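Just so you know, these numbers use all the heavy atoms, side chains as well, and skip hydrogens, waters and symmetry mates. Owing to the predicted nature of the structure, the values given are computational and were not obtained by experimental measurement. Naming: A, B, ... by sequence-line order, numbering from 1 per chain.
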There are 2 protein chains.
Amino acid sequence: MQPDELAKRIQELALVCRKAGRPLTVQRRAVLEALLTLDNHPTADEVLELVRQRIPNISRTTVYRVLDTLVALGVIRRIHHPGSAARFDGKVARHHHLICTSCGKVWDVDAPELDCITPPGEATRDFEVHDFSVHFSGLCSECRKRP
Amino acid sequence: MQPDELAKRIQELALVCRKAGRPLTVQRRAVLEALLTLDNHPTADEVLELVRQRIPNISRTTVYRVLDTLVALGVIRRIHHPGSAARFDGKVARHHHLICTSCGKVWDVDAPELDCITPPGEATRDFEVHDFSVHFSGLCSECRKRP
DNA sequence: ATACCATTTGCAATTTAGTGTCAACCAGAC
DNA sequence: GTCTGGTTGACACTAAATTGCAAATGGTAT
């Protein structure tokens, strides 16, 4: 992510925090910055590792809690992955995912032609749909080479 | 799931096991039966609880391993959910999901009109797409009533 | 600038989820 | 019935995430 885009997201965080009446701590800024720097769906512990380069004494608990808070504030997203650890995504704009069923890696897909899916009225009667994303599963190029 | 449908799935398991040269153990039958009985995406431990009504001494390790095996045989699916625990789905046919961002519950969506999505060629150049599913996120009827 | 207070943080302990090892066992084939 | 390789159960272990509580801190009012 470019530096100016990153600054914009930090400003957005400041705005959202003020709106929600929650303090903007150095930890929150640092965690968001780390997540936006790592661009491919890191786990909480991967974020922790990077944040510690700036704040060596930050606690693992704090990173977990801050990530939860940022999700609750709508600034980042939690994504659901193969593998046990939760992962986080700094991109809140609509996008889709390629998921390799062999190695578990995930790639982003920007595909405007998929952004106009209509939720079926029948099944979603009492459900208020806010967003959607398409998960494509299959084999990545690396895993196709292996048997 | 109806009894006859369940019997059909157990027969399918027998067939798949024979084809793969793997023995069909009582544990495998019982785990599949339990998963098909629980119809809404149980965790491994929820499956364990139900299986123990039939086989009280079955080991937790075994249930975890059997679920992995059934996924590898293509008889069931592992799904990726909000929350830390992996969940399993007895439905292998293509279907989609409603995910409540507030309570984390998941519902199945059968929507044939969504089954004809074309994977974007650009992004998936080196990726071999086998299947896809659409995840709709939002608020369920219960959570809409709360603030 | 200072003081205040609710929120947040750090630490330690705990719970929950999943994995590794290995002897005993069993389903299926002969 | 006997054989054999895959499977099971028990236990210990690692990893991931959560909780309770005292201390520290950000934001606001003074």
Contact letters for nucleotides 21-30 of chain D, in which S counts primed atoms plus P, OP1 and OP2 and B counts the base, heavy atoms under 4.0 Å: -----SS---
Separation of D:dA15 C1' from B:Tyr64 OH (nearest whole Å): 13 Å
Closest-nucleotide 5' rank along DNA chain C - winner of B:Arg78 and A:Val63: A:Val63
Option from B:His81, B:His95, B:Arg78 for which side chain to side chain donor-acceptor pair (under 3.5 Å) with B:Asp89 holds: B:His95
Atom pair distance, as rounded to whole Å: NZ in B:Lys19 and P in C:dG28: 17 Å
C:dC11 OP1/OP2 closer than 4.0 Å to side-chain N/O of A:Ser59: no
Rounded distance in Å - CZ (A:Arg87) to C1' (D:dA17): 15 Å
Could you go through nucleotides 12-14 of chain C and list every protein N or O atom that sits under 3.5 Å from one of its N or O atoms, giving the distance for each pair?
from	atom 1	to	atom 2	distance (Å)
C:dA12	N6	A:Thr61	OG1	3.3

Electrostatic pair B:Glu142:B:Lys145 at N-O distance under 4.0 angstrom: yes
Backbone of A:Val92 reached by a side-chain donor or acceptor of A:Arg77 within 3.5 Å: yes
Donor-acceptor contact below 3.5 Å, side chain B:Glu49 vs main chain B:Glu46: no
Partner of A:Val75 by side chain to side chain contact (heavy atoms under 4.5 Å, CB included), out of A:Leu15, A:Val16, A:Thr69, A:Leu35: A:Val16
Any donor-acceptor pair under 3.5 Å from B:Arg54 side chain to B:Ala30 backbone: no
Shortest non-hydrogen separation from A:Ala34 to A:Leu50 and the atoms involved: O-CD2, 3.6 Å
Separation of atom CZ in B:Phe88 from atom C1' in C:dG18, rounded to whole Å: 10 Å
